[in-house]
2 protein chains.
Amino acid sequence: MRVLDHPAVEDIRLESVLHALADPRRLEVVCFLANSDVEVPCSEIDLAVSKSTGTHHYRVLREAGVISQVYRGTAKLNSLRRADLDALFPGLLERVIAAATKQSRT
Amino acid sequence: MRVLDHPAVEDIRLESVLHALADPRRLEVVCFLANSDVEVPCSEIDLAVSKSTGTHHYRVLREAGVISQVYRGTAKLNSLRRADLDALFPGLLERVIAAATKQSRT
DNA sequence: GTCGTAGTACGACGGGCATCGTAGTATGGG
DNA sequence: CCCATACTACGATGCCCGTCGTACTACGAC
């Protein structure tokens, strides 16, 4: 079974989180995940970049502590680390998602 | 009189704001300004980088729409664009500052 | 005018990042 | 076992970013 490294909650750095969120593609992923209760495979989010670039963005998000990723079969399932982020930086993720949602409507 | 360009409220982009905040020095500036009601000259914030690097960071913050800068005499006064950011991205700045403050205490 | 203070402009440099293509590695299904 | 699917690893490329030093400009005080 393939396992992926995730930072512990106490190792999540604000700068890394903000950097991870400061990219349109990654923000897109985060918003997509925010609108889905279940875990989402990478292949379900169409990022309009090559697959290898996609892999890169998912890794940045995971290593920053923004998302969690687990393998199931050939798929890699993604979900937001809402609880962890909220414990560390209360309300931050929610406000970023709200801001991104608002901006994407204009 | 020297005048500086600031983006209009409607031109402020979330990605740029997040990118501007995703740097320790710039976050330091923002936190400093958040703790001060009055406008603060660049020279009052000790960034532990060279002056030219400091100038660079202030420009990034200004061009992203995070701070406002005006000249007064030889000084350049900085302040947060709280109202503008709050109108665009409600609560975002406050949550980032809270997160940065919390993290800096650990 | 001269001087000091505050910040700028510019060019350089090194590192990191987004991007890609190609080749490769799991995993599950027939 | 073979194949398709889903994602990865690796190397390359080009751009952007943080950093610096040096030379410069604006302003106020004397």
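Just so you know, these numbers use all the heavy atoms, side chains as well, and skip hydrogens, waters and symmetry mates. The chains referred to below are lettered A, B, ... by the order of the sequence lines, with proteins before strands, and numbering in each begins at 1.
One can place CG of B/Asp46 at 16 Å from C1' of C/dG7, the figure rounded to the nearest angstrom. Put simply, CG on B/Leu47 is 11 Å from P on C/dG7, counting in whole angstrom units. Between the P atom of C/dA6 and the CG atom of B/Asn78 lies a distance of 14 Å, rounded to the nearest Å. Regarding B/Asp5, its CG atom lies at a distance of 11 Å from the P atom of C/dA9, rounded to whole Å. Atom C1' of nucleotide D/dG18 and atom CD of A/Glu15 are separated by 15 Å, given to the nearest angstrom. Between the OH atom of B/Tyr58 and the P atom of C/dA6 there is a distance of 13 Å, given to the nearest Å. Across the protein-nucleic acid pair, B/Arg72 atom CZ and C/dT5 atom C1' stand 15 Å apart, rounded to whole Å. Protein atom CG of A/Leu4 is 14 Å distant from nucleotide atom C1' of C/dT25, rounded to whole Å.
A/Asp23 places no side-chain N or O within donor-acceptor distance of the main-chain N or O of A/His19, the cut-off being under 3.5 Å. Counting only distance, with no hydrogens or angles, the side chain of B/Arg26 and the backbone of B/Ala20 share a donor-acceptor pair below 3.5 Å. Checking side-chain atoms of A/His6 against main-chain N and O of A/Gln69 turns up a donor-acceptor pair under 3.5 Å.
Distance from the side chain of A/Asp23 is smallest for C/dA18 among the nucleotides C/dA18, D/dG18, D/dC7. Nearest nucleotide to the A/His19 side chain, out of D/dA9, C/dA18, C/dG7: C/dA18. Of the candidate nucleotides D/dA6, D/dC20, D/dC7, D/dA6 has the atom nearest to the side chain of A/Thr74. Across D/dT5, D/dG18, C/dA18, the shortest atom-to-atom separation from the side chain of B/Val60 is found for D/dG18. The side chain of B/Ala75 has C/dG7 as its nearest neighbour among C/dG7, D/dT5, C/dA18. When each of D/dC27, C/dA9, D/dG18 is scored by its nearest atom to the side-chain atoms of B/His56, the top-ranked nucleotide is D/dG18. Taking the side chain of B/Tyr71 as heavy atoms from C-beta on, and the options C/dT19, D/dA6, C/dG7, the nearest nucleotide is C/dG7. You'll find that the side chain of A/His57 is closest to C/dA18, out of D/dC27, C/dA18, C/dG7. In the set C/dC10, D/dC10, C/dT27, the nucleotide with an atom closest to the side chain of B/Ser52 is C/dC10. Comparing D/dA6, C/dT19, C/dG7 by their closest approach to the side chain of B/Lys51 singles out C/dG7.
Both B/Ser43 and A/Arg26 sit near DNA chain C, but only B/Ser43 has its closest nucleotide nearer the 5' end.
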Please lay out, stage by stage, how B/Thr53 and B/Ser50 fare under the test side chain to side chain donor-acceptor pair (under 3.5 Å).
CA-CA 5 Å; B/Thr53 302; B/Ser50 75; 3.0 Å; yes
Go through the steps to decide whether A/Val40 and A/Glu44 satisfy the test side-chain contact (heavy atoms from CB on, under 4.5 Å), and finish with yes or no.
CA-CA 7 Å; A/Val40 177; A/Glu44 253 186 51; 3.8 Å; yes
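The phosphate of C/dA6 has neither OP1 nor OP2 within less than 4.0 Å of any side-chain N or O from B/Arg2. The side chain of B/Arg25 places an N or O atom within less than 4.0 Å of a non-bridging phosphate oxygen (OP1 or OP2) of D/dT19. The shortest distance between the side-chain N/O atoms of B/Thr53 and the OP1/OP2 oxygens of D/dT19 is not below 4.0 Å. Residue B/Arg59 places at least one side-chain N or O closer than 4.0 Å to OP1 or OP2 of C/dA9.
Within a 6.0 Å radius of CG in B/Asp11, other residues, nucleotides and ligands contribute more than 12 heavy atoms.
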